[in-house]
Amino acid sequence: MSVRTRYAPSPTGFLHVGGAWNAFFNWLFSRHHGGTFVLRIEDTDRSRSTVEYEQAICEDLRWLGIDWDEGPDVGGPYGPYRQTERREIYARYAEEFLRRGVAYPCYCTPEELLAERKRAEAEHRPPRYSGRCRNLDDAERAKLLAEGRRPALRFHVERFRNPSFGDTEWLQEREGRRMVVVQDLIRGKVLFDLAELDDFLIVRSDGTPLYNFANVVDDHTMDITHVLRGVEHLGNTPRQLLMYHALGWRPPTFAHLPVLLGPDRKKLSKRHGDTALREYRDELFLPEALRNFFALLAWYPEDGRELFRTEELIERFDIGELKGASPVFDRQKLVWMNGEYLRQLRESDPDRLVELATAYLVRQGLLKEPVAEAERSLVRRVIGILGDRLKVGSDLLLYADFFFLERPRYDPQAVARYLAGASELLDEVRAALEPLEPFHADRIEQVLRAFAESSGLGIRTVVHPIRVALTGRTVGPGLFELMEVLGKERVLRRLEEARSLAGVA
RNA sequence: GGCCCCAUCGUCUAGAGGCCUAGGAUACCGCCCUCUCAAGGCGGAGACGGGGAUUCGAAUUCCCCUGGGGCCA
């Protein structure tokens, strides 16, 4: 049987890194096995789901390089792929559950159930459904219906307590207790005490399906063979397993992935700042870098090596090698890795890098649409002299904003430290540079070194004030290269204008 | 509170009884290179949560505790 995996996001927000990581492993797994990857939209929460978010999630997944063989937009033989469009399917299966006696109508109102739960809590009992509606006869049902009660549907867990269910792979006797056995690819056997499970709701009285039920029906009807999902769903699995077996369905193989943690070791969420995948895209992170980084979270393909092309990841990926421990998302390491990929990109596809950098600068307001060809070529040259300094978008701001500004943003500390009392020096440098033609880096260097020597100042003493005067900062690309790219006219003007700053101190 | 998962440097991890005076990467700190920063080179600091048990021998197996996380309420 060929492998079928799925990623089933709720379109209630942008795709976040945790979700993307999860989707990526599903995708990797299916690609490794030459299987099918399905995208299913779990939009039953109508109040929070929007089509805009659905589209955004699709867009972000595609950007990451994750493609799906079946899904709401591309279709497929198991559609529809949106839960809201699967109403009739759930209704049909609800009926089947009922007909086969594995579920029963429950007439209890939410108020009654809440009261019951409160009582249990007060008496320090675990809150569990009493089973009141389990064995109602037709007359009693008719009466409750006549009272105007609309029944919900409950799954009949109780029946599994019947000793006539012998030991099976999924239901075993341990120390006198009946245990539901979840066989997990990552965690091995995980046992849940059947006594802890009560008859849970599968359909609300208004007819809407609950998560566990919809999930099982979807995965079954879509022939999903492997469910790779967050470990937070592990507790749901025994209930789902019971549903599969009650109907005589073959359950999928489960693998419960660790959760992605923030620096505070709490589940990564909006609270942690940048968690939407698109924020990474907007900061000049490359999808290939993200993929590589994701793969190395909770998995390790080969000792020593850390940089892998996606094809290599697909080839090597083995779900059984996944660690069960939850990793912390370390942005610093991602930045490093992205730097490695940007460096490669500079060699392999400089045009793409220029495009990305230009778009970034536009977003930051340093360039305006439409971007002229001259500006684009300036970006190209800037990227050239930035070299390995470029690891994330913000490096463009830190090291190169002055190329795109009429006047540099002067860092007060840099000014105080290097420009104070330097107006004479700036004048002399300007005079020395004035006649220089052409204005090339190697010639500039010659002139400045000669000046430094003849004035007895030394190159360091000369370079720093000039750098601050031209860029506003103490850090940045090589000074001579930067001056060439900035151009003679702007260099001379900024040296002149910086005199005012030099005088003040 | 109940149930479940997890546990090696700050972080990602290697390690599946002797190869471990615990390896790599990243981050950090020095030095070198150098016009600054970055990159690069060299070096440094930095971990098996605790306690039992098994064994000639445990990071590696088992148990308990602790800690972290998640889910349910």
When the distance from CZ of F254(A) to C1' of C4(B) is rounded to whole Å, what number comes out?
15 Å
Using only atom types and a distance under 3.5 Å, with no angle test, would you say the side chain of R229(A) pairs donor to acceptor with the backbone of F254(A)?
no
Once you apply the 3.5 Å cut-off to both distances, tell me the Watson-Crick or G-U wobble partner of G67(B), or none.
C6(B)
With the side chain of E196(A) defined as its heavy atoms from C-beta on, choose the nearest nucleotide among G2(B), C71(B), U13(B).
G2(B)
Is a salt bridge present between K488(A) and E437(A), judged by a nitrogen-to-oxygen distance below 4.0 Å?
yes
So, T237(A) versus H256(A): side-chain donor-acceptor pair below 3.5 Å or not?
yes
D184(A) CG to C4(B) P: how many Å, rounded?
15 Å
Between Q83(A) and D43(A), is there a side-chain donor-acceptor contact under 3.5 Å, judged purely by atom types and distance?
no
Would you list the atom pairs, donor with acceptor, under 3.5 Å between side chains in residues 193-204 of chain A and any protein atom, with sequence neighbours excluded?
residue: D193(A); atom: OD1; partner: A195(A); partner atom: N; Å: 2.9
residue: D193(A); atom: OD2; partner: R177(A); partner atom: NH1; Å: 2.3
residue: D198(A); atom: OD2; partner: Y129(A); partner atom: N; Å: 2.9
residue: D199(A); atom: OD1; partner: V157(A); partner atom: N; Å: 2.8
residue: D199(A); atom: OD1; partner: E158(A); partner atom: N; Å: 3.2
residue: D199(A); atom: OD2; partner: Y104(A); partner atom: OH; Å: 2.6
residue: D199(A); atom: OD2; partner: R134(A); partner atom: NH1; Å: 2.6
residue: R204(A); atom: NH1; partner: T208(A); partner atom: OG1; Å: 2.9

Provide, to the nearest angstrom, the distance between the NZ atom belonging to K323(A) and the P atom belonging to A59(B).
17 Å
Quick one: label R473(A) by what it contacts on the DNA or RNA (base, sugar-phosphate, nothing), any heavy atom closer than 4.0 Å.
nothing
Ring centres of W299(A) and F317(A) under 6.0 Å apart?
yes
Using purine N1 to pyrimidine N3 plus N6-O4 or O6-N4 for Watson-Crick, or N1-O2 and O6-N3 for G-U wobble, both under 3.5 Å, which nucleotide pairs with U21(B)?
none
Which value, in whole Å, describes the distance between the P atoms of nucleotides G52(B) and A16(B)?
26 Å
Here the distance between atom P of C5(B) and atom CG of N236(A), to the nearest Å, is 15 Å
Under 6.0 Å between ring centres: does that hold for H233(A) and Y211(A)?
yes
Taking a pair as Watson-Crick or G-U wobble with both distances under 3.5 Å, which nucleotide is matched to C28(B)?
G44(B)
What distance, rounded to whole Å, do you find between the two C1' atoms, one in C35(B) and one in G23(B)?
39 Å
Is A452(A) touching bases, backbone alone, or none of the nucleic acid, heavy atoms closer than 4.0 Å?
nothing
Here the distance between atom C1' of C4(B) and atom NZ of K189(A), to the nearest Å, is 18 Å
Neighbour count >12 (heavy atoms, 6.0 Å) for atom CZ, R48(A)
no
Under 4.0 Å protein heavy-atom contacts per nucleotide of nucleotides 27-41 of chain B, with B for base, S for backbone only and - for none
S-------BBBSS--
Contact class for E306(A) vs. all strands (heavy atom < 4.0 Å): base, sugar-phosphate, or nothing?
base
Return the pairing partner of G1(B) with a 3.5 Å limit on both distances, Watson-Crick or G-U wobble; otherwise return none.
C72(B)
Strictly by ring pair (Phe, Tyr, Trp, His ring centres under 6.0 Å), give each pair with a member in residues 445-469 of chain A just once, sequence neighbours left out.
Y418(A)-H464(A)
Could you check V328(A) against V231(A) and say which one's nearest nucleotide on RNA chain B is further toward the 5' end?
V231(A)
Within the 3.5 Å criterion, strictly below it, is a donor on D218(A) or Y90(A) matched to an acceptor on the partner's side chain?
yes
Nearest whole angstrom, please: distance from the C1' of C4(B) to the NE2 of H256(A).
11 Å
Do nucleotides 63-69 of chain B as a string where each nucleotide becomes B, S or -: B if the base has a protein heavy atom under 4.0 Å, S if just the sugar-phosphate does, - if no protein is that close.
------S
Which value, in whole Å, describes the distance between the C1' atoms of nucleotides A14(B) and A25(B)?
11 Å
Would you find more than 12 non-hydrogen atoms of other residues, nucleotides or ligands less than 6.0 Å from Q413(A) atom CD?
no
Could you go over nucleotides 46-50 of chain B and give all protein N or O partners under 3.5 Å, atom names and distances?
none

From CZ of F329(A) over to C1' of U26(B), roughly how many Å is that when rounded to an integer?
14 Å
Say you pick atom C1' in C20(B) and the same atom in A47(B); how far apart are they, in whole Å?
13 Å
Pairing partner (Watson-Crick or G-U wobble, both distances under 3.5 angstrom) of A38(B)
none
Is it true that, when you exclude R352(A) itself, more than 12 heavy atoms of the residues, nucleotides or ligands shown sit nearer than 6.0 Å to its CZ?
yes
How far does the P atom of C63(B) sit from the matching atom of C71(B), given to the nearest Å?
26 Å
How far, in whole Å, is C62(B) from C6(B) if one measures between their P atoms?
12 Å
Residues forming a salt bridge (Lys or Arg N to Asp or Glu O under 4.0 Å) with E496(A), sequence neighbours excluded:
R430(A)
Worked verdict on D388(A) versus R346(A) for salt bridge (charged side-chain N to carboxylate O under 4.0 Å, His left out)
CA-CA 10 Å; D388(A) 295 340; R346(A) 220 166 52 231; 3.1 Å; yes
Could you tell me how far A38(B) sits from C65(B) if I compare only their C1' atoms? Round to whole Å.
48 Å
Between G49(B) and U8(B), how far is it from one C1' atom to the other, in whole Å?
11 Å
What is the distance, to the nearest angstrom, from the CZ atom on F308(A) to the C1' atom on C12(B)?
13 Å
